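A short worksheet on the structure shown next.
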Protein chains: 4
Amino acid sequence: MPLTSSTAPPEPELVAAFTPDPVEMAWAKINLEPHGVTLYDDYTKMIEQPGLNAVVIGTATSVHAEEAIQAMQKNLHVLVEKPLSTDLEICRSVVNEGKKHPHLKVMCGFSRRFDESYRDAYSKVEQGLIGRPSIIRSQTCDKHDPSGFFVAYAAWSGGVFVDMAVHDIDLTLWFFGDDIIPKSVSAHGIRAVQPDLAQYNDYDNAVGIVEFWGGKIAYYYCSRMMAHGQEDTTEIIGTEGKLTVNGNPQSNLVNYYHEGGITREVPAHYYGRFEAAFVQEANDFAEACLDNKPLALKLTNAVRAVEIGSALQEALVSGKQIRFDEIGRRIEENKL
Amino acid sequence: MPLTSSTAPPEPELVAAFTPDPVEMAWAKINLEPHGVTLYDDYTKMIEQPGLNAVVIGTATSVHAEEAIQAMQKNLHVLVEKPLSTDLEICRSVVNEGKKHPHLKVMCGFSRRFDESYRDAYSKVEQGLIGRPSIIRSQTCDKHDPSGFFVAYAAWSGGVFVDMAVHDIDLTLWFFGDDIIPKSVSAHGIRAVQPDLAQYNDYDNAVGIVEFWGGKIAYYYCSRMMAHGQEDTTEIIGTEGKLTVNGNPQSNLVNYYHEGGITREVPAHYYGRFEAAFVQEANDFAEACLDNKPLALKLTNAVRAVEIGSALQEALVSGKQIRFDEIGRRIEENKL
Amino acid sequence: MPLTSSTAPPEPELVAAFTPDPVEMAWAKINLEPHGVTLYDDYTKMIEQPGLNAVVIGTATSVHAEEAIQAMQKNLHVLVEKPLSTDLEICRSVVNEGKKHPHLKVMCGFSRRFDESYRDAYSKVEQGLIGRPSIIRSQTCDKHDPSGFFVAYAAWSGGVFVDMAVHDIDLTLWFFGDDIIPKSVSAHGIRAVQPDLAQYNDYDNAVGIVEFWGGKIAYYYCSRMMAHGQEDTTEIIGTEGKLTVNGNPQSNLVNYYHEGGITREVPAHYYGRFEAAFVQEANDFAEACLDNKPLALKLTNAVRAVEIGSALQEALVSGKQIRFDEIGRRIEENKL
Amino acid sequence: MPLTSSTAPPEPELVAAFTPDPVEMAWAKINLEPHGVTLYDDYTKMIEQPGLNAVVIGTATSVHAEEAIQAMQKNLHVLVEKPLSTDLEICRSVVNEGKKHPHLKVMCGFSRRFDESYRDAYSKVEQGLIGRPSIIRSQTCDKHDPSGFFVAYAAWSGGVFVDMAVHDIDLTLWFFGDDIIPKSVSAHGIRAVQPDLAQYNDYDNAVGIVEFWGGKIAYYYCSRMMAHGQEDTTEIIGTEGKLTVNGNPQSNLVNYYHEGGITREVPAHYYGRFEAAFVQEANDFAEACLDNKPLALKLTNAVRAVEIGSALQEALVSGKQIRFDEIGRRIEENKL
């Protein structure tokens with residue numbers, strides 16, 4: 001038993017790992033192989049390894065869906081990094097494959113659902129502390145990376161709303177309810193620091209509003225331009241109160257008092273903010289697999305999040321509002 | 001010389017006051033008349049009082065413009081509470097009258113321009129601390145008043161964006177520059193706590209986005225539903241940094257530690273947040289009149305703020321995006 | 001009536017001013033004389049000016065007491081800056097003179113009693129929100145002034161506890177009750193940035209504990225070494241809760257987000273923190289004089305604060321604890 | 001390899017556990033035995049189990065030292081919970097035993113040294129960001145437990161300064177340097193909520209000052225009376241800046257906005273604040289044992305912390321200041 005496991009979590013074993021990348025493979029030879037992990041440069045071979053129960057897919061988005069489907073066909077539980085795909089049809093194909101294997105645990109990794117602060121906020125909403133949640137403001141804002149990486153990345157990321165806001169949309173589905181139906185989608189963006197994003201029709205800052213049937217609104221801000229670090233903030237505004245998560249971003253509990261004032265640092269990256277949530281996510285998934293417990297989120301949510309993210313992205317690029325009827329069917333513009 | 005005037009501000013004297021309201025008049029008889037203030041129940045008579053230099057108009061919005069114009073015609077400086085009018089043509093008539101009296105100081109009172117925190121933020125922007133301001137998020141959120149007052153008020157307030165967001169729009173003109181031209185306007189709203197607002201086509205929560213030509217975006221949130229108090233927050237996001245004003249609302253510097261955690265209180269009203277700004281505004285206006293100094297803001301801004309606010313309100317009510325060309329002319333929908 | 005007086009405060013007039021300093025006199029000729037203020041370079045002449053009702057004494061500490069006594073003998077109300085004197089006997093002589101003129105308002109200016117945050121904290125204590133106040137932590141910490149001014153100033157300031165902690169001691173008397181009796185006093189100090197203070201037996205950083213009969217303790221920290229600005233913080237810790245005042249020092253409501261993190265500025269000086277309190281103090285004093293209302297604090301408190309401050313200073317310099325019996329008589333060391 | 005080990009920490013195995021308590025044993029039978037952990041109700045038998053490398057001692061303080069010594073004699077590495085003992089001679093006996101086994105890793109668990117925020121503060125001090133650390137304020141404040149547990153506990157805890165402030169003293173040795181020598185010790189306490197502590201000469205609130213040779217001061221506050229939760233705060237004040245750790249206690253990143261203001265929660269217990277530090281401590285210790293790396297803190301520090309804590313406790317109980325000469329020898333009172 002590992003020494004530091006105070007709460008006796010499930011104990012999955014890492015027995016195999018796959019990467020097509022020689023640099024990652026070299027790292028794995030030093031860090032994983034000595035601990036008894038078998039290494040593969042071929043995903044399909046890895047999932048044939050006897051004794052395997054579950055697979056965690058953290059590869060490029062373009063192969064998420066295919067690898068998830070292959071794993072299910074080999075009778076493996078699947079934890080796949082978000083998004084399933086930037087293409088809606090492909091997202092749906094993963095869900096459809098999942099329906100054929102109802103005994104398998106298949107989860108798309110929306111890490112914020114496993115963050116202690118979001119969980120606390122959710123529990124306060126459930127206790128009725130803020131009345132009826134009515135407005136959500138949520139943002140995913142990355143520290144500015146001047147290297148130009150995000151320009152190349154934009155070629156296949158699906159765009160800023162599919163890549164970044166998909167987290168905020170998932171939170172919206174969590175706090176407003178999975179069955180909520182969008183009524184209209186508006187979005188606008190600028191290219192303030194990476195004009196080259198124009199070649200991929202993408203933006204480095206974007207604001208969007210999703211109006212839902214039933215009197216609820218979510219509005220989102222995505223940015224790749226933050227000077228100070230990662231700033232993922234959410235407000236859940238109810239009829240009788242409000243909750244904020246990460247309203248004051250901070251790396252830790254230190255404040256530095258100096259001639260220019262009082263300064264606190266901010267995590268530079270998503271992982272710096274959500275490390276504990278990733279651990280919790282892995283533990284929850286492992287526990288669901290090993291003890292046959294329900295998963296924390298439905299796979300269909302992962303499709304709905306991409307659905308709304310794609311609509312936002314389309315509204316952003318076209319500059320036109322998109323509308324839906326009360327059962328979620330898109331209303332053609334000439335019928336407005 | 002008043003005892004507490006540490007910095008020797010200008011010293012206007014209050015010599016006359018007008019109100020049509022008997023309750024206010026009774027108050028004035030006790031509190032103003034003994035100090036030598038002449039009281040009037042007729043505005044036109046008051047502005048004929050000899051020796052008068054300037055007038056401060058804080059009456060109902062519907063008479064702001066008319067009273068301002070009458071005062072200018074009597075050769076009086078004017079400080080008029082925002083908005084000039086909820087009707088754009090009437091707003092413009094005040095500006096036009098002002099042009100005939102170039103020696104008069106005529107200012108529309110956008111109190112936040114006189115708030116020390118906003119002024120500090122503006123000075124930091126001018127110093128280049130955040131690079132090029134590109135995104136503004138600004139909200140005007142009132143404490144929920146369950147009395148229903150705001151339903152009646154909605155009949156003539158001009159709507160949530162003209163009445164509340166007009167402050168945020170004025171800040172946008174300040175931080176982005178007076179000459180900025182909107183490109184598109186989108187807005188959505190709900191009635192979460194005051195469904196009766198429907199009779200006036202108004203909303204108790206509204207979110208809007210204004211995209212400007214030149215790669216800038218402002219997005220706004222107005223609410224009359226806050227449980228905790230007045231929360232007027234602004235973020236100015238630049239290419240190299242960000243400034244927030246009132247990110248952590250607070251009544252004062254007290255924190256109360258108790259069994260449920262640590263609590264700080266929030267001002268219940270706009271005045272609780274901006275009292276010092278109102279004093280500064282009055283002092284600045286008085287100084288401009290007495291020492292013939294320039295005013296802190298142009299009267300034309302007051303028109304532009306209502307212009308954008310009206311467009312937001314129209315987008316909100318119609319559910320349709322509104323677009324403008326590069327010189328600010330509205331683009332008809334069938335030409336999109 | 002002044003234009004900005006929203007709440008119709010009392011209206012004292014400044015009619016005379018005194019200074020022995022030619023630089024200050026030159027300033028006064030420009031800023032006060034034109035407003036009808038008569039200027040004096042002789043204090044005794046000024047207080048003979050006909051029509052004078054009250055005098056505000058903000059001269060050097062060494063003449064506070066004498067000037068206050070002279071004013072009372074001329075039948076003038078007196079607001080005198082703290083401390084009355086650094087010498088206890090002289091402090092008492094002011095109180096004794098006051099007793100001969102019970103109709104006069106004589107107040108020593110402890111500005112923090114007029115600060116809105118301290119007043120709010122006091123009101124919360126009175127409401128019983130923290131149970132029985134039992135421990136007070138309070139600090140007066142100045143921004144480091146490398147000019148060496150404080151070395152010269154130490155020659156006559158009475159020492160760090162009499163000059164700075166006297167505010168914290170006054171707060172202690174307010175929150176614990178005027179009649180509280182010290183049981184023991186301990187204090188220790190260092191000279192971290194101004195070693196030349198040794199010639200005056202003073203310190204640039206000092207920590208002291210005052211234990212009171214009845215189970216209460218106050219502990220203080222004074223410093224002249226803060227890099228970031230003025231930091232005057234107080235905690236009132238009760239049996240059922242705690243209140244902090246200025247736990248997070250700040251100049252205003254702006255936060256600046258930049259590559260190094262998130263920074264807020266801090267007032268550089270005492271006045272930057274307490275400007276509004278000074279105005280409130282002057283208004284309260286004026287109102288007490290003009291409307292014959294009770295003063296906010298007793299003159300005897302000003303003596304008790306110096307009494308405790310002097311004991312702390314003595315403990316600091318001697319390195320020995322000082323003890324008192326239950327009626328406040330000092331216990332000689334050989335009787336311990 | 002465990003699934004969630006992102007950074008490949010050392011991998012100790014828990015193979016044996018001891019408790020004399022039947023309730024704990026019952027828990028262990030369910031939670032540990034199935035994972036291959038052998039259970040013992042006899043400590044001396046456990047440490048004879050073949051293959052054992054290290055032992056973690058978290059038993060009652062009274063047996064810490066004996067068990068640590070026995071383990072060393074069995075050639076086992078030792079991580080023992082603080083304090084080694086409340087008796088200085090016994091503390092020293094552990095250090096002496098350690099000297100006989102220089103190849104063994106023997107560490108007393110001061111958890112705060114492994115807290116990320118304290119480590120960040122330490123690294124900032126090392127970078128020179130605050131100049132020369134000169135004043136430390138540190139407090140260990142527990143949530144009030146009205147059950148009376150702490151009265152019984154006081155019988156053998158060593159007193160509030162040995163039990164609680166020992167953490168703050170250890171931090172002082174870390175930030176000021178291990179070789180710092182106390183010059184004087186003063187302390188005062190009250191019994192505000194648990195008068196029965198009088199029978200054990202202990203207090204529920206205590207304040208102490210330790211003056212060090214070389215111009216440094218630390219002052220401490222210990223309390224068992226906090227209404228709001230665990231509040232362990234440290235300020236390190238240097239000649240050019242200041243660092244605070246946990247100046248704003250918080251359970252997580254949630255703020256709740258409600259009619260009474262804005263509230264954040266506070267961890268109820270020490271473990272809630274320092275859970276991640278305990279994990280880090282165990283990992284560091286394991287790594288030191290498995291990879292023969294140096295420990296993060298010297299065992300002699302654990303003795304020095306108790307030494308200073310005992311002096312504070314004696315000063316508290318006797319009401320007398322204690323003094324030391326420049327090489328740390330106590331100065332008898334009659335020689336002062």
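Protein chains get the first letters and strands the later ones, always in sequence-line order, with residue 1 at the start of each. Because the structure is predicted, anything quoted here is derived from the model rather than measured.
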Residue part contacting chain B, namely of Glu259(C), when any heavy atom lies under 4.5 Å: neither

Structural part of Arg119(B) lying under 4.5 Å from a heavy atom of chain C: neither

Under 4.5 Å to a heavy atom of chain B? For Gln250(C) that would be side chain

Part of Ile262(B) within contact of chain C (heavy atom distance under 4.5 Å): neither

Structural part of Ile237(C) lying under 4.5 Å from a heavy atom of chain B: neither

Taking all non-hydrogen atoms of both residues, which atom of Leu76(C) and which atom of Ala54(C) are closest, and how far apart? CD2-N, 4.1 Å

Smallest heavy-atom separation, Ile236(B) atom then Pro133(B) atom, equals CG2-CB, 3.9 Å

Within 6.0 angstrom of Asp21(C) CG, more than 12 heavy atoms from elsewhere: yes

Heavy atoms only, distances under 4.5 angstrom: which of Asn248(B), Ile130(B), Val245(B), Leu129(B) has the most pairs with chain C? Name it, please. Leu129(B)

In terms of the angle between their ring planes, are Tyr270(B) and His167(B) parallel, tilted or perpendicular, with boundaries placed at 30° and 60°? parallel

Ring centers of Tyr271(B), His269(B) separated by less than 6.0 Å: no

Test Asp232(B) against every option in Arg112(B), Lys143(B), Arg273(B) by the salt bridge (Lys or Arg N to Asp or Glu O under 4.0 Å) rule and name the one that passes. Arg112(B)

Measure Thr234(C) against the heavy atoms of chain B and call it side chain, backbone, both or neither at under 4.5 Å. neither

